[in-house]
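Predicted model, so just to flag it, every value in this text is computed and none were measured. Chain letters run A, B, ... following the sequence lines, proteins first and then strands; every chain starts at 1.
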There are 2 protein chains.
Amino acid sequence: MGNRVRLVDVARAAGVSQGTASNAFGKPHLVRDELREKILAVAAEMGYRGPHVMARMLRTGKAGALGVVFPDNLEYAFSDPVAIELLRGVGRECARQSVNMMIISAENHEQAVAAVNNAAVDAFLVHCYSDNNDVIAAIRRRNLPMVGIDTDIAGATATVVLDDFEGAASAARHLLECGARKFAILSLQADEDGQFGLMDARRRGAVSHRVVRERLAGYHAVLKDAGIDVADIVHVECENLSEHVRGQVTDLMAQFPDIDGILAMSDVIAIGALEALAKTGHDVPGQVRVMGIDGVARGARTTPPLSTVAQNSVEKGRIAAELALAGDNVSEPVLLKTRLLVRASSRLPDIS
Amino acid sequence: MGNRVRLVDVARAAGVSQGTASNAFGKPHLVRDELREKILAVAAEMGYRGPHVMARMLRTGKAGALGVVFPDNLEYAFSDPVAIELLRGVGRECARQSVNMMIISAENHEQAVAAVNNAAVDAFLVHCYSDNNDVIAAIRRRNLPMVGIDTDIAGATATVVLDDFEGAASAARHLLECGARKFAILSLQADEDGQFGLMDARRRGAVSHRVVRERLAGYHAVLKDAGIDVADIVHVECENLSEHVRGQVTDLMAQFPDIDGILAMSDVIAIGALEALAKTGHDVPGQVRVMGIDGVARGARTTPPLSTVAQNSVEKGRIAAELALAGDNVSEPVLLKTRLLVRASSRLPDIS
DNA sequence: TAGCATCATTGAATCGATTCATTTCGATTC
DNA sequence: GAATCGAAATGAATCGATTCAATGATGCTA
């Protein structure tokens with residue numbers, strides 16, 4: 001039954017102190033070779049399974065794991081290509097540092113709080129959560145290093161974000177160069193309230209997600225400079241799922257047939273837009289130009305291939321993990337650069 | 001510095017026993033409402049952060065986490081669409097049961113053993129590992145529930161596998177019906193030795209991965225029945241990455257130009273084959289018919305769309321997680337069914 | 001009013017290691 | 001031969017909770 005062999009049993013059987021037995025496993029160099037081998041032999045014979053993980057954790061205070069927290073349900077994280085890239089980067093750094101990766105999973109907010117409280121980890125990575133949220137509060141209460149990714153939650157020991165303003169600006173600049181004049185912006189969700197559809201000025205003024213705020217600002221700055229009135233831009237808040245976007249874009253084009261430039265805040269959204277436009281018989285890029293943000297692999301295979309502003313999500317995840325595991329306070333956010341990736345869904349005017 | 005507020009401090013300050021203070025947090029119904037609120041108030045005022053996770057674990061013996069172990073490096077797991085689906089299913093069940101998900105990460109075998117030994121989990125999920133392996137041995141030594149997915153490692157408390165034999169058989173049957181007579185089988189890796197290329201009979205006879213063994217057997221059974229000599233089938237062992245497969249298939253078709261049926265053991269491989277065939281000007285399915293196995297989303301968007309034998313990987317992961325967390329010994333492997341999914345990369349003969 | 005449940009609380013034992021100040025012992029130096 | 005040193009081993013304290021048998025208080029019944 002509950003008769004697990006303990007270190008103290010091994011020590012007794014081998015005729016050494018518990019401290020020495022502990023060292024034989026954890027700090028081999030502190031024990032004479034001969035003696036250590038004897039201890040290990042005795043342990044093996046007794047069926048000792050090695051130091052008890054939880055007991056070691058309690059004593060040392062180290063969990064050997066990095067917690068990764070995604071907003072809302074986890075299913076989304078495992079279906080969004082960008083989130084997966086991010087996880088890949090996190091995984092890479094965790095492997096490098098011999099630390100495991102704990103995915104905090106929950107079906108709802110209440111469960112998420114409990115999951116955070118039960119997670120034996122040394123640091124937290126928080127992706128894309130907005131601030132003032134009970135899950136964030138729970139994480140903060142744990143008093144562990146906490147790194148925000150693509151979010152500027154208060155109390156983070158470090159923050160890794162994309163240069164969203166400049167990324168969005170470059171997308172807008174490019175579509176202007178391609179000749180677009182009547183714009184639609186397909187936004188990611190501005191808040192966690194599950195609201196979709198047309199965004200009025202009030203909604204645009206109270207965006208809780210940093211990513212959305214910055215990208216909007218980037219788009220607007222460039223378009224205003226070009227003499228376009230923000231009030232003339234159609235803003236639609238979309239769920240980050242191609243299938244959902246299809247319907248929204250179909251409606252959008254029916255309502256505003258003169259749109260000739262679509263700025264999507266993610267490639268997933270942009271791909272949904274391309275699909276809708278193909279189905280409704282719009283010519284891309286002849287009639288409408290489309291730009292995404294992210295640079296996901298699938299964008300290279302759409303028809304037409306998707307122009308986008310690429311980011312390196314793997315590296316973003318890796319850096320965030322590195323900062324979290326280092327645990328230092330880094331006051332300045334780490335700002336990652338974007339790269340314009342022109343493919344066929346936008347089109348430069350003929351230079352001939 | 002190290003002056004964390006402990007439960008005993010709270011108890012003392014609130015004038016109750018440590019046991020009662022513990023109950024106030026963990027078993028609220030055992031403490032009178034009024035008293036409990038007082039304790040919580042005192043705790044809040046003292047800045048108590050809640051029960052110490054590792055101490056609780058040590059005492060209760062429950063980690064509240066499920067370990068997921070992938071073979072080789074983790075990067076692969078996060079780039080294979082099937083593995084991701086699997087993780088999605090695992091995540092779904094973990095969330096349902098309020099358990100976190102620990103991804104055991106490592107760069108090499110030695111690190112993987114250490115990672116397994118340091119993981120505070122209640123059970124392990126092992127994906128696609130072959131047996132007789134030190135990582136598996138380490139997991140076994142932990143003496144926790146261990147569920148094998150797509151693998152039949154000894155000592156597993158439960159096993160979840162695809163009906164690989166029947167899945168492969170149905171793929172072969174379909175290509176025969178479509179008129180193929182000269183077959184190539186594009187195999188997944190038979191072993192962890194990193195060997196690729198043509199598989200001779202000896203190699204085919206010593207396959208350590210169950211998946212490969214079963215699928216080979218399924219293909220062969222059907223093809224033999226149809227009067228095809230196994231010696232006439234070209235076997236190629238491929239890395240499960242479309243880019244690598246492209247080169248292999250290009251060579252293959254140059255060497256064996258009469259191949260008219262390709263049976264790939266995964267969609268990723270099949271997609272690589274389609275790409276190679278397109279580049280070398282082979283007509284699919286007119287000249288060569290191609291079948292995958294898995295049913296990944298991308299297969300619906302290739303040109304031509306990929307015929308395949310679909311499986312439900314999400315559900316596979318979910319069931320495995322459920323079995324692992326239940327912890328019962330299930331002697332019979334859970335066998336999941338496949339479903340033939342005919343698209344344009346194979347072609348049925350005209351019935352006119 | 002004794003007897004008996006029921007509910008709330010206590011307090012010491014326990015989970016299984018690691019740590020570190022101290023002791024032991026043999027070798028080296030003066 | 002005493003003093004000094006370093007390496008190896010000791011053993012008690014510690015990490016911070018949870019558990020459970022025992023105790024106390026309260027209400028109810030006969």
Side-chain angles (χ1 to χ4, degrees), chain A residues 1-40 42-43 46-64 117-120 122 141-144, chain B residues 1-40 42-43 46-64 117-120 122 141-144:
Chain A
M1 296 297 135
N3 45 7
R4 180 187 229 278
V5 180
R6 300 180 332 279
L7 185 59
V8 62
D9 303 322
V10 173
R12 212 165 278 153
V16 299
S17 77
Q18 198 176 161
T20 302
S22 173
N23 285 335
F25 286 94
K27 309 201 166 160
H29 60 282
L30 289 182
V31 181
R32 204 157 30 89
D33 284 7
E34 191 195 356
L35 182 58
R36 189 186 61 231
E37 272 158 34
K38 179 183 166 191
I39 296 173
L40 296 185
V42 170
M46 297 177 74
Y48 181 59
R49 285 195 241 285
H52 191 279
V53 180
M54 298 160 186
R56 190 223 301 281
M57 277 188 186
L58 172 58
R59 183 62 241 233
T60 62
K62 288 252 140 279
N117 284 327
N118 287 331
D122 298 316
R141 206 173 314 125
R142 290 289 305 267
N143 207 34
L144 292 170
Chain B
M1 291 301 135
N3 45 6
R4 178 188 231 278
V5 180
R6 298 179 333 280
L7 185 59
V8 62
D9 303 322
V10 173
R12 213 164 278 153
V16 299
S17 79
Q18 199 175 162
T20 301
S22 174
N23 286 335
F25 287 94
K27 310 199 166 162
H29 58 283
L30 290 183
V31 181
R32 204 159 29 90
D33 285 5
E34 189 195 358
L35 183 56
R36 189 186 60 231
E37 271 156 34
K38 179 183 166 193
I39 296 174
L40 296 186
V42 170
M46 297 178 75
Y48 180 60
R49 283 195 240 288
H52 191 279
V53 180
M54 298 160 186
R56 190 224 301 280
M57 277 189 186
L58 172 59
R59 183 62 242 233
T60 61
K62 288 253 141 278
N117 284 327
N118 287 331
D122 297 316
R141 206 172 314 124
R142 290 290 305 268
N143 208 34
L144 292 170

- [ ] In whole angstrom, give the distance that lies between atom CG of A:Asp33 and atom C1' of D:dA7.
- [x] 13 Å
- [ ] Indicate, with a heavy-atom threshold strictly under 4.0 Å, whether B:Val16 touches base, sugar-phosphate, or nothing.
- [x] sugar-phosphate
- [ ] Check the pair A:Arg36, A:Ile39 against side-chain contact (heavy atoms from CB on, under 4.5 Å), reporting the backbone distance first and the verdict last.
- [x] CA-CA 5 Å; A:Arg36 189 186 61 231; A:Ile39 296 173; 5.6 Å; no
Open item on the list: Looking at A:Lys27, I'd like to know whether one of its side-chain N or O atoms comes within less than 4.0 Å of OP1 or OP2 on C:dT19.
Closed with: yes
TODO: Pick base, sugar-phosphate or nothing for A:Phe25, based on heavy-atom distances below 4.0 Å to the nucleic acid.
DONE: nothing
Task: N/O (side chain, A:Tyr48) to phosphate O (OP1/OP2, C:dG16) under 4.0 Å - done: no
Task: Watson-Crick/G-U partner (both atom distances under 3.5 Å) of C:dC30 - done: D:dG1
TODO: Compare side-chain N and O positions of B:Thr20 against OP1 and OP2 of C:dT10 and report whether any pair is under 4.0 Å apart.
DONE: yes
Open item on the list: In whole Å, I'd like the distance from the CE atom of B:Met54 to the P atom of D:dT18.
Closed with: 15 Å
TODO: Assign B:Val31 to base, sugar-phosphate, or nothing according to its heavy-atom contacts below 4.0 angstrom with the strands shown.
DONE: sugar-phosphate
Open item on the list: I need the CZ-C1' distance between A:Arg56 and C:dC15, as an integer number of Å.
Closed with: 16 Å
- [ ] Look at the side chain of A:Arg59 and the base of D:dT14, then say whether one donor and one acceptor between them are separated by less than 3.5 Å.
- [x] yes
TODO: Specify the separation, in whole Å, of atom CG of B:Asn23 and atom C1' of D:dC20.
DONE: 11 Å
TODO: Would you give the length of the straight line joining atom CZ of B:Arg56 to atom CE of A:Met54, rounded to the nearest 0.5 angstrom?
DONE: 12.0 Å
Task: From CG (A:Asn143) to CZ (B:Arg49), nearest 0.5 Å - done: 3.5 Å
Open item on the list: Tell me the interatomic distance from A:Gln18, atom CD, to C:dT22, atom P, rounded to whole angstroms.
Closed with: 20 Å
Open item on the list: Looking only at the side chain of A:Arg32 (C-beta and beyond, no hydrogens), which of the listed nucleotides D:dA8, D:dA17, D:dT19 gets closest?
Closed with: D:dA8
Task: Between P of D:dT18 and CZ of B:Arg6, the distance in whole Å - done: 14 Å
Open item on the list: In the structure I gave you, are the side-chain heavy atoms of B:His52 and A:Leu58 within less than 4.5 Å of one another anywhere?
Closed with: yes
- [ ] Find the distance B:Leu58:CG to D:dT19:P and express it as a whole number of Å.
- [x] 12 Å
Open item on the list: Treating B:Arg142 as the side-chain partner and B:Ala119 as the backbone partner, does any N or O pair qualify as donor plus acceptor under 3.5 Å?
Closed with: yes
TODO: Measure the distance from CG on B:Leu7 to P on D:dG16 and round it to the nearest whole Å.
DONE: 11 Å
- [ ] Would you mind telling me which residue lines up with the more 5' stretch of DNA chain C, A:Ser22 or B:Leu35, judged by nearest nucleotide?
- [x] B:Leu35
